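Notes for the one structure printed next.
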Amino acid sequence: MPDGATSVLDVRDLKTVFRTRSGEVHAVNSVSFHLRPGELLGVVGESGSGKSVTMMSLLGLLPSPPAEVREGQVMFEGKNLLRCTEDHLRSVRGARIGFVFQDPMTSLNPVFTVGFQLREPLMKHMGLSKSAAQKRAAELLDLVGIPDARRRLGDFPHQFSGGMRQRVMIAIALACDPKVLIADEPTTALDVTIQAQILELVRDLRQKLGMAIVWITHDLGVIAGIADRVMVMYGGQVAEQAPVKDLFANPQHPYTRALLRTIPHVTGARAEKLNVIEGQPPILYRHPEACPFAARCPQAFDRCLRQNPPRIPVAAAGHDVACFWDFATGAPRDV
Amino acid sequence: MLTFTLRRLLTAIPTLLVISFVIFGLLELAPGDPLADQPLTVPPEVREKMRVALGLDQPFYIRYVLWLKQFFWIEPLYTIDSLFGTSFAEGEQRIVSWQFRAPVFDVIWQRLPQTMWVVGMAYLVGVLIALPIGIVSAYRQYSWFDQVGTFVSMIGFSVPTFFTGVLMIVIFAVNLGWFPSIYDTTLRVTDWESFKRQVAQMVMPVAVLALFNASQISRFMRASMLDNLNQDYVRTARAKGMTEPVVVLTHVLRNSMIPVVTVIALGVPTIFGGAIITEQVFKVNGLGQLLITAIYANDLPMVQTLTFIFAVLIVLFNLIADILYGLLDPRIRYD
Amino acid sequence: MKLRTALMGACASAAMALPALAERGADGHVNIIYWQAPSILNPYLSSGTKDVESSSMILEGLAGFNEKGEVIPRLVDEVPTVENGGVSADLTTITWVLSEGLLWSDGTPVTSADAVFTYEYCTHPEGGCAQAARYDGIASVEAVDDRTIKITFDAPKPNPYQAFVGGTSPLLQKAQFENCLGAAAPQCTEANFGPIGTGPFRVTEFRPNDVIQMEANPNYRDPAKPAFATVTFKGGGDAAAAGRAVLETGEFDYAWNLQLAPDVIAGMLAAGKGQTVIGFGTLVERIEMNMTDPSPNLPEGERSTTAHPHPFLSDIRVRQALSMAIDRALLVEIGYGQAGRPTCNLVPAPEMFASDNTGCLTQDLEGAKALLEEAGWTVGGDGIRTKDGMRLSILYQTSTNAVRQDFQALIKQWWNEIGVEVELKNIDASVFFGGDPGSPDTFQKFYADVEMYANNFDGTDPEPYLAQYTCDKTPGPTNGWQGENINRFCDPAYDELIKELGQTGVMEERAALAKRLNDMLTKDSFVVVPLVDRGRISAHSNSLGGVVLNTWDTELWNVADWYRVK
Amino acid sequence: MSDGGLPTGGPSARKLVEVRNLKMHFPIYAGLFRTRVGEVKAVDGVSFDIYEGETLGLVGESGCGKSTCGRAVLRLYEPTSGSIRIDGREIATAGFETLRKMRPTMQMVFQDPQASLNPRMTVAAIIGEPLDEHTSLSKAEKLARIYELMDAVGLNRNFANRYPHAFSGGQRQRIGIARALALNPRFIVCDEPIAALDVSIQAQVVNLLEELQEKLGLTYLFISHDLSMVRHIADRVAVMYLGKIVELAPRDALYARPLHPYTQALLSAVPEPDPNIEERRRRIILRGDVPSPANPPKGCNFCTRCPKVMPVCRDVEPAFAEVEPGRFTACHLYDATIMKTAGETAAPEAQSTSDKVQQGA
């Protein structure tokens, strides 16, 4: 694993717990990952796998209570974001790290103009005057491909279509020229043709601006098209992590494999019957002592039920998996 | 918005005509006699003559049409006359109260100031204390502040004002002697001394009514804030690095105020309706007391006019509430 | 020693006399509270007590009544009588002579023309005058000269002190009300809200059903009066709040008519800020027996009419038994306390007219039972008496009022004890007393066997009051149910006596006749069963002097004599 | 358009559903007196058949009218005009009682299993509700039927008395399917039944639907925006754009060689879960947004975004016609007369901009 010096963001052993009436839910369990400058890290997983919660935990965006970030370290620009002041955190949020959320319909404040919502971070973090912020806001809208940007600053979110709103969200996230952009399912709520537009836009912006991106999604298709590296999450843990082609070509975790098999394609041969992963994802009321996927895993053996597998590096560079089973040998790994 | 307003005003006309007819009819059908409070020593022949003098020998529909003409034609003319010194309404019969033998509108104008002062002030005070309480209660949901607020507003809402009013009189007027138990409607504020007396006599009725109003509105405010605190755009605002005061008092509050403002607007007509019980308890003798004494005295012109004005205000403030909604919420566009 | 006593006596009498010597307006401000708020200051347009009493501070009649019911002069030097020649021997005229130099509060002289005008004002056919009865039987009112007013009656008038006497028929200023005759009367708002009068005070501001501000009348005939310069007359609220404001917080000086439970008043008095005053007049709470059959089986128009005598209340023994079963002392204790006293008389006062009838004051349940037995009513299996297959079952109605419902419950219990079945009914006062001929629930229609309410008479002379029980005043469909003989009592002997009373001028004889008439209705026939002589209880602060409660005129009859106790 | 012209699922197949020129317009009122100023043409003249036992996929982007179309086919809306025949009986104009009698044969599965299940009813009550309404089974018979249905959709019988909130999204959708099956329907409209579910669960529900179809001989109208899922479940696929069907073809033909430019763009926009394919793929990126159905463009509805737009497209509405056996499309590119007579002018206008992102104005 690369050391922190070459990473813009380095997360170690993050652990987040939700306190609910029926007890504590361990949503994120010892998650570690890093983000290199300019790279796009795709984070894949089903709902409840902890992918969004992990990212929200980084910058204290989870409502507390009920959420509580228990352990871990988040190194960003030389500071641990989990131990710094609330003020410092705020100066990072929206300035150095931008966020784009899933539902552009609800993520913008309906009663303020798009211009107001764009100016806010500019005035706060960059100290721009209102008119300077307005000018920059128009440039940003222009950048994300909204026609007639200057005039549209005076419009309210509901006057934009879903795709346009997501462009506005991206403009807000990019307002202060962040080093990192965290995009939480940014295209899930959009139609495929609009999704294609947004993906195209992001590719383009990466080239222009060069920020690192964490892209959370459940759609492996999107990941295949956009990511440099992929992290597969399950049960609040990282199941597998690999460069994108390596992951699709040589998935090491039974869950990754199952996931890939489940997805129908629009091209190529059509399977007669869809593959399914039987059962339901777990809700963890305790810190996992066993592999969280064991109950649904065709490869599971006794060790999986006793021990939670650590992340084990595999043959290819930068590929690791949290599984005791080795598909290459068809036998348990020797670790 | 303009056509919407015009259309609503146009549809209000038949509505109000029906309302006025229904009120008139109900009052007509209600048992009772305007001369019932005259002593039994007044002989029947004299009573009969008094009834004729009141116009009670006319059939129902004639009296209704006469009232309509007086309300919609003569009274407005009379107002114009008194404003511009013209004499359009000269010689025309205004709506005359049976109890006072005086024009109903003169008495209403006379009563309006004390009602506005006490009931209006109570509403204003109620709103002003309700909003911060609602905001803090919601932001710190289930905190001790919220629990106390919930308890107090439950009390304020459920304990009737004739109880709290008399309790306050017994404590503060009878035992402590701080405030007068009887409101002096003739007091004119001319200097510091009379201002202090005015404040002293307003304290108790305003406190009683404000508690009641605040209980209601703070609950609305709290519920509305809670609804909005969980919205996605709040997370967006935090992700932009906005401080908590900005997040709560700008982003959340503006949205939360939309339903609350309409509730507040809808409550305004109740000010003009007066507070029948509280006015009786503190002898404020405003519009509420005017209405209740008119009902007791079977003073049909007064009851009819007051209830109809009240109906007009309700219709009007419903419209105002709708317009406010449209103004506050850019998503709502009438027409 | 003697000298010292004499000196002390002189000092004391000087102190006593002090208020009388005081100069006008020296005692500053006085606050009066009436929990019923005055709605108009013209008693000719409303005879509500609150309106008559409040206006009596401003408007005055030629004469008034004192606390004993005697006629006292106000705008005249002497009350005309047969003796002094002011009343003609044949009782058909009365001549009043105004005092010299009388002025209205606006400074213009009071003349006999004002009296003539007042008569015209109230007798105008379209005016709807509430006091028209005060001017009944008058043929003419003439201004003989500027100060002399001569009233001529249609027939001999043994009690000529009705027109222009007392708070209910004051003098109006012709100049002010000239354009307010007949149909125009209600439109003269300014005059009705601020009449110019001769009383001790004049209006500075009137807010109907709220408050009246008054100041001393600068032209009041007694230059030393009134002692107070200004008055606030507040209306509204309830009797408890009014009592509290005088007796507990001391914000007000005088509170009218505290209709409160006796223990509540006692609690307020404990605060030590004021005291109560009580006066008894002619207001009698009574049970009226229906002499006709109210059965709902009868066709409408015949129900409760003289066409069908009552099936069992026509029997005097039943009526008497019902009266005997009542414990009046207990009723008083529960309902009125010091503000009531038991009575057997329809006319309990003034003293000279009150019969010595006290036979009903002791409850006699056994006697009542015996009487019913004697009348042939025997107790049936369920404890209710029957006779010839008819059950002794009574519908007992009254208006809705807490005290009346308490009375109903107690009386029902007593009547049940003597084997009478009782069904209770109460009706909203505005309907019960509303007089609507279309309503079945008015006290005049009397669609019940017995009913309870209170009534009294104006002034001191009971003649018109007793005259209500003649045969021709029976309410029925022919007269639109307008008639005061509620019981449908009809006795030619009674009618004869009434006629005789109308021709008798000598007071002693009149009193004797009135007593006989009273007895005929009560102890001789038990058609009217009086229960309680209801007094008035009002309160004043310890610092208000000169208050004398008067039940014959308005309570504020001597407000000119009120003063601040120093 | 003749009935015989529509594509067939097989030579022996019988038409179960025949929809002809169905229109569903919602009026827009405005002005002082609320006069009708226009209408939202949610469904604007669609025609299709569904053969017994087949699945017709109806795809399109949000707002294209596919859900409205599905509901109108079941007469959950009053159609503005057009004819709907199910099993030979006209339902577009059927009276209330006739309709009620036909309800058991046609059912619907909704998108949001959370919102379409009454939270205060137990699973047994929800599944049994249609039985109360349309049958007169005894209590025991009803319970037996409920258990049978729960078995059929893979729900544990022991959970019959639980409330919907105790179930996961996939299980709730099974409850919805069980309810739809209660009255032995022949035709089920599945309105985005998997949109709210996770990928792994989607596959479970789709498999269940397929199994049930096989076992019970059901006919589906499967409405979805997920082209890959439709490819899996549907026999034939209809593509909707702005209230109209732009292309209707057998599944394999459509995915292999889409004819209509919109279908082409739609398919090219679906990401493939394979980085190697993604790298090579040439995408057709459509510009702008879908026009408002209240104010559709003149001519072809797709002319505002079409990469192959020709002048004629802005004037003349293309007819929905069979261009190859079993393949229908509404596009001038396949209209021989227009392509021939227009010649040069008919050439696509702006192919070069088609695969570029709009970078602002």
Side-chain angles (χ1 to χ4, degrees), chain A residues 46-48 141-149 160-164 190-197 199-201 203-204 218-227 243-245 247-249 258-268 270-281 296, chain D residues 59-64 168-171 197-208 210-211 225-233 251-252 255-256 262 265-279 281 283-290 305 355-361:
Chain A
E46 293 173 86
S47 28
L141 282 195
D142 201 54
L143 179 71
V144 296
I146 292 178
D148 201 6
F160 290 78
S161 68
M164 286 295 165
L190 304 175
D191 277 310
V192 275
T193 59
I194 307 298
Q195 169 171 286
Q197 291 177 357
L199 292 178
E200 210 55 36
L201 170 70
R203 284 193 193 102
D204 192 61
H218 64 262
D219 188 338
L220 282 166
V222 171
I223 287 295
I226 197 169
V244 66
K245 287 191 184 170
L247 185 95
F248 280 88
L259 211 52
L260 283 167
R261 271 203 316 274
T262 317
I263 307 162
H265 298 236
V266 285
T267 56
R270 175 178 166 273
E272 230 4 87
K273 194 145 180 78
L274 285 173
N275 287 299
V276 297
I277 313 171
E278 290 300 342
Q280 300 285 334
R296 303 170 79 187
Chain D
V59 298
E61 293 177 274
S62 42
C64 72
S168 70
Q171 286 171 318
L197 307 177
D198 259 320
V199 210
S200 61
I201 313 296
Q202 283 184 352
Q204 294 174 3
V205 172
V206 167
N207 282 351
L208 172 67
E210 285 190 315
E211 279 163 28
H225 65 271
D226 187 336
L227 286 135
S228 44
M229 274 300 175
V230 168
R231 178 177 184 229
H232 188 83
I233 194 168
R251 171 233 307 148
D252 292 334
Y255 281 84
Y262 176 65
L266 203 57
L267 282 174
S268 90
V270 180
E272 271 293 291
D274 184 337
N276 298 313
I277 297 176
E278 280 291 300
E279 227 171 32
R281 259 175 103 192
R283 253 176 242 280
I284 304 167
I285 306 275
L286 295 175
R287 319 184 215 165
D289 295 317
V290 185
R305 299 169 84 198
D355 48 1
K356 246 186 86 187
V357 183
Q358 259 311 103
Q359 290 286 5

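Quick caveat, the model's predicted, so the values are computed rather than measured. Numbers restart at 1 for each chain; the letters A, B, ... are given by sequence-line order, proteins then strands.
For D:Ser168, the part sitting under 4.5 Å from any heavy atom of chain A is the side chain, from C-beta outward, and nothing else. With a threshold of 4.5 angstrom between heavy atoms, A:Arg203 approaches chain D through side-chain atoms but not through N, CA, C or O. Only the backbone of D:Asp274 comes within contact range of chain A, judged by heavy atoms closer than 4.5 Å. With a threshold of 4.5 angstrom between heavy atoms, D:Glu61 approaches chain A through its backbone and through its side chain. No part of A:Ile223 comes within reach of chain D, as not one of its non-hydrogen atoms sits under 4.5 angstrom from that chain. Heavy atoms closer than 4.5 Å to chain A are found nowhere in D:Gln202, neither backbone nor side chain.
For A:Gln195, the side-chain hydrogen bond (donor to acceptor under 3.5 Å, both in side chains) test picks out A:Thr187, with sequence neighbours left out. Every residue two or more places apart in sequence or in another chain was checked for a side-chain hydrogen bond (donor to acceptor under 3.5 Å, both in side chains) with D:Arg231, and none qualifies.
The CD1 atom of D:Ile285 sits 10.5 Å away from atom CG of A:Leu201, with the distance rounded to the nearest 0.5 Å. Within the model, atoms CG of A:Asn275 and CD of D:Gln204 stand 11.5 Å from one another, a figure rounded to the nearest 0.5 Å.
When each of A:Thr262, A:Leu220, A:Asp219, A:Leu259 is tested with D:Pro273 by the rule side chain to side chain contact (heavy atoms under 4.5 Å, CB included), just one qualifies, namely A:Leu220.
A:Gln197 places a side-chain N or O within donor-acceptor distance of the main-chain N or O of D:Leu286, the cut-off being under 3.5 Å. Side-chain atoms of D:Glu272 come within 3.5 Å of backbone atoms of A:Val266 as a donor-acceptor pair (strictly under, hydrogens ignored).
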Report task. Starting from the C-alpha separation in whole Å, work towards a yes-or-no answer on side chain to side chain contact (heavy atoms under 4.5 Å, CB included) for D:Glu210 and A:Leu274. Result -> CA-CA 10 Å; D:Glu210 285 190 315; A:Leu274 285 173; 5.7 Å; no

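Residues A:Ile194 and D:Asp289 have side chains in contact (heavy-atom distance under 4.5 Å, counting atoms from C-beta outward).
Contact tally against chain A (heavy-atom pairs below 4.5 Å) for D:Arg281, D:Gln171, D:Arg251: the top residue is D:Arg251.
Salt bridge status for D:Glu278 with A:Lys245: absent, with no side-chain N to carboxylate O gap under 4.0 Å.
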